[in-house]
Protein chains: 2
Amino acid sequence: MRRDVFQAIADPTRRAIVLLMAVQAMTPNQLAQHFSISRQAVSKHLRILTECRLLQPEPRGREIYYVLEAGKLDEIGQWLEQCRKSWESRFNQLDQVLITLQANQRDTSTLL
Amino acid sequence: MRRDVFQAIADPTRRAIVLLMAVQAMTPNQLAQHFSISRQAVSKHLRILTECRLLQPEPRGREIYYVLEAGKLDEIGQWLEQCRKSWESRFNQLDQVLITLQANQRDTSTLL
DNA sequence: TATATCCGCAACCATTCGGTTGCACAAGAG
DNA sequence: CTCTTGTGCAACCGAATGGTTGCGGATATA
């Protein structure tokens with residue numbers, strides 16, 4: 001199933017999972033020991049993180065290691081940059097106006 | 001009310017609002033014209049974005065302009081960086097092991 | 001082979017979410 | 001003052017969320 005990465009990291013438990021996985025890949029059982037919820041609840045979170053390609057399962061015998069797909073984090077970074085860029089160009093536009101005004105200040109009287 | 005910024009940007013409509021607000025501050029009515037949902041639904045989104053300090057309301061008479069609080073975006077960026085940093089230091093640790101092994105390669109036979 | 005372990009799936013449940021409609025109130029416009 | 005406009009708030013509703021428990025299947029272990 002396709003899923004939204006922003007919706008995936010909305011839950012604080014899932015963000016903690018991503019952080020842990022960034023340090024070291026783990027199995028669901030190992031992971032569940034870090035939380036106070038049931039193993040199945042952790043598995044649900046892993047499923048969601050896997051569906052949006054933030055994690056990738058790597059079976060090792062009867063165990064399954066979930067590995068972080070760090071490249072998927074860029075999707076979040078791109079949105080962030082888009083916001084920041086728009087926000088700053090908004091100021092740049094204002095700066096342009098001010099610079100133009102300042103440059104023409106000596107002519108302002110004649111222009112108005 | 002205090003709110004989680006990650007939960008706030010989980011909804012695609014709210015992300016679109018943030019992007020629009022990054023370009024130009026708007027009133028709820030102006031904003032609602034960009035979407036196919038009701039004005040009240042947009043107002044709900046504005047409330048959530050305001051509660052997590054991503055937007056700040058600026059009353060102008062009977063109108064209210066919502067202005068982006070761009071600094072709040074850093075909270076997301078910090079989490080991202082924390083993930084990336086852990087992820088890369090994970091590789092660095094592996095690199096250290098490999099480098100050490102390679103340096104000692106000539107002695108491996110004696111060490112084992 | 002029998003048993004224990006690791007894991008995902010399904011059913012269920014309370015709560016939250018995102019949308020709607022209707023209403024009340026404050027501020028300009030006539 | 002009256003009317004229109006911009007806004008927030010409350011009630012309601014179906015769907016999604018995050019948790020639980022119980023089960024079955026596959027893999028190691030005795």
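- One can place CZ of Arg14(A) at 8 Å from P of dT17(D), the figure rounded to the nearest angstrom.
- At a threshold of 4.0 angstrom between heavy atoms, the contacts of Gln7(A) are confined to the sugar-phosphate backbone, with no base atom among them.
- For Pro28(A), whose side chain is taken as the heavy atoms from C-beta onward, the closest listed nucleotide among dG19(D), dC7(C), dG19(C) is dC7(C).
- When heavy atoms are screened at a 4.0 angstrom cut-off, Phe35(A) is found touching no nucleic acid atom at all.
- Taking 4.0 angstrom as the limit, His45(A) places none of its side-chain polar atoms (N or O) nearer than this to OP1 or OP2 of dT17(D).
- The side-chain tip of Arg90(A) points at the ring of Trp87(A) from less than 6.0 angstrom away and within 45° of straight on.
- Shortest non-hydrogen contact noted between Ser89(B) and Ser86(B) is OG-O, 3.1 Å.
- No N or O donor and acceptor, one from the side chain of Gln40(B) and one from the base of dG18(C), sit under 3.5 Å apart.
- A sub-4.0 Å separation between OP1 or OP2 of dT5(C) and a side-chain N or O of Asn29(A) is absent.
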Would you mind writing out the side-chain donor-acceptor pairs for residues 55-71 of chain B within the sub-3.5 Å range, not counting sequence neighbours?
none

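- The CZ-C1' distance, from Phe6(B) to dC17(C), rounds to 20 Å in whole Å.
- Between the CG atom of Asp11(B) and the P atom of dT17(D) there is a distance of 11 Å, given to the nearest Å.
- The distance from atom NZ of Lys44(B) to atom P of dC12(D) is 13 Å, rounded to the nearest whole Å.
- Rounding to whole angstrom units, CD of residue Glu51(A) and P of dG8(C) are separated by 12 Å.
- The listed nucleotides are dG18(C), dG18(D), dG8(D); the one nearest the side chain of Ile48(B) is dG18(C).
- Taking the side chain of Glu63(A) as heavy atoms from C-beta on, and the options dT20(C), dG8(D), dC7(C), the nearest nucleotide is dC7(C).
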Derivation of the side-chain contact (heavy atoms from CB on, under 4.5 Å) call for Leu20(B) and Gln30(B): CA-CA 11 Å; Leu20(B) 284 173; Gln30(B) 295 176 283; over 6 Å; no

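- For the atom pair Leu80(A) CG and Asp74(B) CG, the distance stands at 8.5 Å (nearest 0.5 Å).
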Trace of the side-chain contact (heavy atoms from CB on, under 4.5 Å) decision for Leu54(B) with Met21(B): CA-CA 10 Å; Leu54(B) 259 176; Met21(B) 292 310 199; over 6 Å; no

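- As rounded to whole Å, 15 Å separates atom C1' of dG8(D) from atom CG of Leu31(B).
- Nearest-nucleotide assignment on DNA chain C puts the 5′-proximal partner with Arg47(A), out of Arg47(A) and Ser38(B).
- Residue Ile37(B) contributes atom CD1, which lies 17 Å from atom C1' of dC13(D) at whole-angstrom precision.
- Checking the phosphate oxygens (OP1, OP2) of dG8(D), a side-chain nitrogen or oxygen of Tyr66(B) falls inside 4.0 Å.
- Taking every heavy atom of both residues into account, Ile9(B) and Arg15(B) meet most closely at O-NH1, 2.8 Å.
- Distances shorter than 4.0 Å separate none of the side-chain N or O atoms of Ser43(B) from OP1 or OP2 on dT7(D).
- One finds a side-chain N or O of Thr27(B) lying less than 4.0 angstrom from the OP1 or OP2 phosphate oxygen of dT7(D).
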Could you run down the sub-3.5 Å N/O contacts of the protein with nucleotides 25-30 of chain C?
residue : atom : partner  : partner atom : Å
dA27(C) : N3   : Arg62(B) : NH1          : 3.3

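- Put simply, CG on Leu55(B) is 12 Å from P on dG8(D), counting in whole angstrom units.
- Counting heavy-atom neighbours within 6.0 Å of Arg53(B) CZ, excluding the residue itself, gives a total of 12 or less.
- The side chain of Ile64(A) approaches dC7(C) more closely than any other nucleotide in the set dC7(C), dG18(C), dT17(D).
- Sequence order on DNA chain D of the closest nucleotides to Arg39(B) and Ser36(A) puts Arg39(B) first from the 5' end.
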